[in-house]
Amino acid sequence: MTEITTVIAPLDGKSLDRGASLLRQGRLVAFPTETVYGLGADAGDDMAVARIFDAKGRPRFNPLIVHLPNMAAVERLVEVTPLARRLADSFWPGALTLVLRRKPRARLSALVSAGLETVAVRLPAHGGARDLLRLADRPIAAPSANASGRLSPTEAQHVAASLDGKLDLILDGGPCAVGLESTVVDATGETPALLRPGGIAAEAIEAIAGGRLVVAGSDDTAPASPGMLTSHYAPGLPIRLNAETAQAGEALIGFGPARDGEAANLSPSGDAMEAAANLFRLLHRLDDPARYSSIAVAPIPQAGLGRAINDRLRRAAS
Ligand code: TXA
Ligand code: MG
């Protein structure tokens, strides 16, 4: 292990004040949310937002999610459609991101939305994240706090391992409860389009929207999300999917009843929510070339959060 140079501070009143003050000065602060850790910066400050892209090595065409403490702050930035209001009433604060049309005079760096006319917004449920947003008192852009293309962090140590020296403070709130990034839904029109499966199951969104979610990119009416690059969320080791047994040198990650030679299990009881919370932590832990040559993952049923887990695994494997 190389030495960590960025300060990792336990989340408390003092570190939250420090974090908010750094954000107001245009600096980068990693903070916990219920989904994954975010790399935050003032969304209205061009230089601060540019620092995010620089620290992550993120392509400039991939827009960021803007995090806000309440609905009033959302309404200052974007046009809230009737569909968006229904989804917000049901799922905010929480693991849902809504893509909406940007208001002409919104105080947002153009870099945040990579030149698009829409902005992705989210009200996180994590108490520490909400405190930080209120104290910073401005929209905070925050992608997952990992180097571009790599696994998202669900613990403060994951952030340090991926971005050490490239940010100003890491607020440590312990492991993330959901463990998967938010579900991203385009709610600019009357029919919602799924841009990224995530911490809230597509079925739950369909129940509120009263119809099937169009999957982005599947037809011309559904715009694709620029961030949905095929290879993404990738650990360093190769990944093999739908594995029933471990081959030589492989770390097998099970799901449900244990298989022979399993290195870890996402959820012995076969619960997709528990598996989501464990996914990135186990991948981070087993991504160790000194111990394994590759990672194999047992089949996970394609329902509820299983769809989002399989989406991440397919990207990690490609
Ligand atoms: O759970 C999460 O969403 C975490 C936490 C920190 O909130 N954030 C996160 O951000 O995962 P990021 O940057 O890693 O992923 C943002 C996704 C990308 O796929 C991006 O392309 C999409 O949201 N996105 C952002 N703005 C968009 C827009 N205006 N139109 C379409 N897609 C957009
Ligand atoms: Mg990300």
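Numbering of ligands and ligand atoms starts at 1, following listing order. All figures in this text were calculated on a predicted structure; none of them were measured in a lab.
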Quick check on contacts: which atoms of ligand 1 are under 4.0 angstrom from a heavy atom of [X]?
{"X": "Ile65", "result": "3 (O), 8 (N), 9 (C), 10 (O), 16 (C)"}
{"X": "Gly38", "result": "6 (C)"}
{"X": "His67", "result": "5 (C), 6 (C), 7 (O)"}
{"X": "Ser144", "result": "8 (N), 9 (C), 10 (O), 12 (P), 14 (O)"}
{"X": "Pro143", "result": "10 (O), 12 (P), 13 (O)"}
{"X": "Leu64", "result": "25 (C), 26 (N)"}
{"X": "Leu195", "result": "31 (C), 32 (N)"}
{"X": "Thr118", "result": "28 (C), 29 (N), 30 (N)"}

Backbone, side chain, both or neither: what part of [X] comes under 4.0 angstrom of ligand 1, heavy atoms only?
{"X": "Arg58", "result": "side chain"}
{"X": "Asp186", "result": "neither"}
{"X": "Ala142", "result": "backbone"}
{"X": "Leu116", "result": "side chain"}

May I ask you to decide whether [X] forms a salt bridge with [Y], counting only side-chain N to carboxylate O separations under 4.0 Å?
{"X": "Asp17", "Y": "Lys14", "result": "no"}
{"X": "Arg196", "Y": "Asp186", "result": "no"}
{"X": "Arg315", "Y": "Asp311", "result": "yes"}
{"X": "Arg312", "Y": "Glu181", "result": "yes"}

Please check whether Arg122 reaches ligand 1 - meaning an N/O of the residue sits under 3.5 Å from an N/O of the ligand, judged on distance alone.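 Yes, since at least one N or O of Arg122 sits under 3.5 Å from an N or O of ligand 1.
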
Is Ser182 in polar range of ligand 1, meaning some N or O pair under 3.5 Å apart?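 Yes, since at least one N or O of Ser182 sits under 3.5 Å from an N or O of ligand 1.
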
So does Pro63 get a backbone contact from the side chain of Arg58, meaning a donor-acceptor N/O pair under 3.5 Å?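 Yes; at least one donor-acceptor contact below 3.5 Å.
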
Can a donor-acceptor pair be found, under 3.5 Å and without considering hydrogens, that links the side chain of Arg24 to the backbone of Ala136?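 Pair found, side chain donor or acceptor close to backbone of Ala136.
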
Contact between Leu151 and His158 at the side-chain level, heavy atoms closer than 4.5 Å - yes or no?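 Result no, sub-4.5 Å side-chain heavy-atom pair not found.
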
Apply salt bridge (charged side-chain N to carboxylate O under 4.0 Å, His left out) to residues Arg27 and Asp45 and explain how you reach the verdict. CA-CA 10 Å; Arg27 311 307 308 182; Asp45 178 337; over 6 Å; no

Can you name the residues that form a salt bridge (Lys or Arg N to Asp or Glu O under 4.0 Å) with Arg76, not counting sequence neighbours?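 Arg76 satisfies salt bridge (Lys or Arg N to Asp or Glu O under 4.0 Å) with no residue once adjacent residues are dropped.
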
Near the Mg ion (ligand 2), is there an N/O/S atom from Ser148 that is less than 2.8 Å away?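 Under 2.8 Å: Ser148 has no N, O or S contact with the Mg ion (ligand 2).
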
Does anything in residues 282-294 form a side-chain hydrogen bond (donor to acceptor under 3.5 Å, both in side chains)? List the pairs, not counting sequence neighbours.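 Not a single pair qualifies under side-chain hydrogen bond (donor to acceptor under 3.5 Å, both in side chains).
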
Selected option - heavy-atom contact closest to atom 1 (O) of ligand 1, from Thr35, Thr33, Val119: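 Answer by nearest heavy atom: Thr35.
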
